[in-house]
Protein chains: 2
Amino acid sequence: MSLRHALLGLLSDRRASGYDLLKTFETSLANVWPATQSQIYTELTKLAGSGLIAVAAEGPRGRKEYEITGEGMAELRHWLTEVTPQRTLRSDVLLRVFFLGVLTPEQAHAYLTDLMEMSRSGYEQLRQLHDSVDWDDGNLSVHGRIALEYGLRFNAMRREWAEWAAQQLTQPRGRQGW
Amino acid sequence: MSLRHALLGLLSDRRASGYDLLKTFETSLANVWPATQSQIYTELTKLAGSGLIAVAAEGPRGRKEYEITGEGMAELRHWLTEVTPQRTLRSDVLLRVFFLGVLTPEQAHAYLTDLMEMSRSGYEQLRQLHDSVDWDDGNLSVHGRIALEYGLRFNAMRREWAEWAAQQLTQPRGRQGW
DNA sequence: TCTCGACATGTCAACAGTGGAAGGTAGAGT
DNA sequence: ACTCTACCTTCCACTGTTGACATGTCGAGA
């Protein structure tokens, strides 16, 4: 249940409505913690209910601007420092690798080739995002840039790995002491 | 809903009971697609209900050995070749990076240091797993080894990135054209 | 004036995942 | 004979996630 913390984090930077937050998720946070509209609104209501955020202002079209409360900031800091992150990496992509044996060598190879392409295009997209974003020197900007760098390195790593893996499959078996 | 495909994949290699599969998940698949006991048994019942797997034999203690059916193999192949994998990387770890600004520089730095250590120990654990596993030349073995290599590279990448990120935070801002 | 796209929120059913409780059996070792 | 461990399955309540549906308003431009 990190969504609540994602919302707290965004609200710690500036006040925002559900709609604003939704947009932010779509653009910057989508790669790290995707969330749907319904989830965001539901969670905001819950957060407000437990006093971690509060409605700061109401605008046109029923717009409700939320702001983080002191209690919310405390919870956010607690999550950042005390709660040890759990690595629950569920990888659709990697899971398939285990079972490439049921395919023909050609098909297995094709899968890895697709992965290379996926990584390459993922890399490119992030690079474009990097170029298009207005990197002011705000906190979110600094750390967003660091997160983006992670994405770049991740894609580069995965591409190289897929190339290596494709080689492994084509090479004859036997002991080769890799 | 990749759990069903994980189960199909394992059953494509050999017949197994829920208990067997549970053990396999705990050891080899846990890093890629964790699953709990209740989830596995539930899914097996569903899979049997839709004819993708079937009970091949019943053993002592109510043991039911499942085997994959032709229909199940077709579904597995279909998933491997036709269904484009979706990258839903929800990363607890990376999400926090966005919000390191709410902490003191020392705390933020400490978080990255913890990440380095986490990556280092993750790397070590995988290396030990690599050394302890009996790598026969079965298909699962070959591909399991490839998946493991991914884990090694991933941890190495993350460690380097965390080191780089820590540097970014300590360095004075300003334009440096990275 | 009208219309359309962006703004804005809420709700619901269905499924996926977590954690734990409950209940029982076979077999190995004392 | 007894006990303990590993084996083995089922069920349930709760939370998280998805996708779709419902509902309406403001403001810019034809």
Side-chain angles (χ1 to χ4, degrees), chain A residues 1-8 10-11 15-27 29-50 53-66 79 83 85-92 95, chain B residues 1-8 10-11 15-27 29-50 53-66 79 83 85-92 95:
Chain A
M1 58 160 191
S2 287
L3 174 62
R4 64 187 311 110
H5 297 110
L7 292 172
L8 287 174
L10 289 177
L11 288 174
R15 296 156 55 177
S17 69
Y19 191 82
D20 294 338
L21 293 166
L22 178 59
K23 293 300 154 191
T24 309
F25 266 87
E26 278 171 4
T27 54
L29 241 51
N31 299 302
V32 167
W33 202 277
T36 58
Q37 176 256 42
S38 46
Q39 224 186 328
I40 290 173
Y41 281 109
T42 308
E43 195 62 42
L44 283 173
T45 308
K46 277 197 227 167
L47 281 168
S50 52
I53 63 175
V55 176
E58 309 216 3
R61 278 170 282 217
R63 175 187 174 91
K64 282 189 272 185
E65 270 196 345
Y66 290 99
W79 175 70
V83 183
Q86 54 181 5
R87 50 179 193 92
T88 312
L89 44 83
R90 271 202 174 78
S91 172
D92 201 357
L95 181 59
Chain B
M1 63 159 188
S2 286
L3 175 62
R4 65 187 309 109
H5 298 110
L7 292 172
L8 286 175
L10 289 177
L11 288 174
R15 294 157 54 176
S17 69
Y19 192 82
D20 294 338
L21 293 166
L22 178 60
K23 292 300 154 191
T24 310
F25 266 86
E26 277 170 5
T27 54
L29 241 51
N31 298 301
V32 167
W33 202 275
T36 58
Q37 174 253 45
S38 44
Q39 223 187 330
I40 290 174
Y41 281 109
T42 307
E43 194 62 42
L44 282 173
T45 309
K46 276 197 227 167
L47 280 168
S50 52
I53 64 174
V55 176
E58 309 216 5
R61 280 170 282 214
R63 175 189 174 89
K64 283 190 271 185
E65 270 196 344
Y66 290 98
W79 174 71
V83 183
Q86 54 181 7
R87 50 181 192 90
T88 311
L89 44 83
R90 269 204 173 76
S91 172
D92 202 356
L95 181 60

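If you're wondering where the values come from, they're calculated on a predicted model, not measured in any experiment. In what follows, every chain begins at residue 1, and chains take the letters A, B, ... in the order their sequences are listed.
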Listed nucleotide nearest any side-chain atom of [X], set [options]:
X: A:P60; options: C:dG10, D:dT10, D:dC26; result: D:dC26
X: A:S17; options: C:dT9, D:dC7, D:dT10; result: C:dT9
X: B:R61; options: D:dA6, D:dT9, C:dT9; result: D:dA6
X: B:Y41; options: C:dA8, D:dT10, C:dC12; result: D:dT10
X: B:L3; options: C:dA8, D:dC21, C:dG17; result: C:dG17
X: B:R63; options: D:dC8, D:dC11, C:dA16; result: D:dC8

Send over the distance from [X] [atom1] to [N] [atom2], rounded to a whole Å.
X: A:E26; N: C:dA6; atom1: CD; atom2: P; value: 12 Å
X: B:Q39; N: D:dT9; atom1: CD; atom2: C1'; value: 16 Å
X: B:K23; N: D:dT5; atom1: NZ; atom2: C1'; value: 12 Å
X: B:I40; N: C:dA16; atom1: CD1; atom2: P; value: 15 Å
X: B:Q86; N: D:dG19; atom1: CD; atom2: C1'; value: 13 Å
X: A:Y19; N: D:dG27; atom1: OH; atom2: C1'; value: 13 Å
X: B:E58; N: C:dT25; atom1: CD; atom2: P; value: 15 Å
X: B:Y66; N: D:dT9; atom1: OH; atom2: P; value: 7 Å

For the pair B:D92 (side chain) and A:P85 (backbone), establish whether a donor and an acceptor sit closer than 3.5 Å, ignoring hydrogens and angles. no
For A:K64, is there any backbone N or O sitting under 3.5 Å from a side-chain donor or acceptor partner on A:Y19? no
Do B:S17 and B:R61 come close enough that some side-chain heavy atom pair is under 4.5 Å? no
Are B:L7 and B:F25 close enough that some pair of their side-chain heavy atoms sits under 4.5 Å apart? yes
Using a heavy-atom cut-off of 4.0 Å across all strands, would you classify B:R90 as base, sugar-phosphate, or nothing? sugar-phosphate
Determine whether any donor atom in the side chain of A:Q37 lies under 3.5 Å from an acceptor atom in the base of C:dT9, or the reverse, and answer yes or no. yes
Report yes if a donor N or O on one partner sits less than 3.5 Å from an acceptor N or O on the other, where the partners are the side chain of A:T45 and the base of C:dG10; otherwise report no. no
Counting only side-chain N and O atoms of A:K64, is one of them less than 4.0 Å from OP1 or OP2 of C:dG10? yes
For B:L11, which of B:D20, B:L47, B:I53 qualifies under side-chain contact (heavy atoms from CB on, under 4.5 Å)? B:I53
Of A:S2 and B:S38, whose closest DNA chain D nucleotide lies nearer the 5' terminus? B:S38
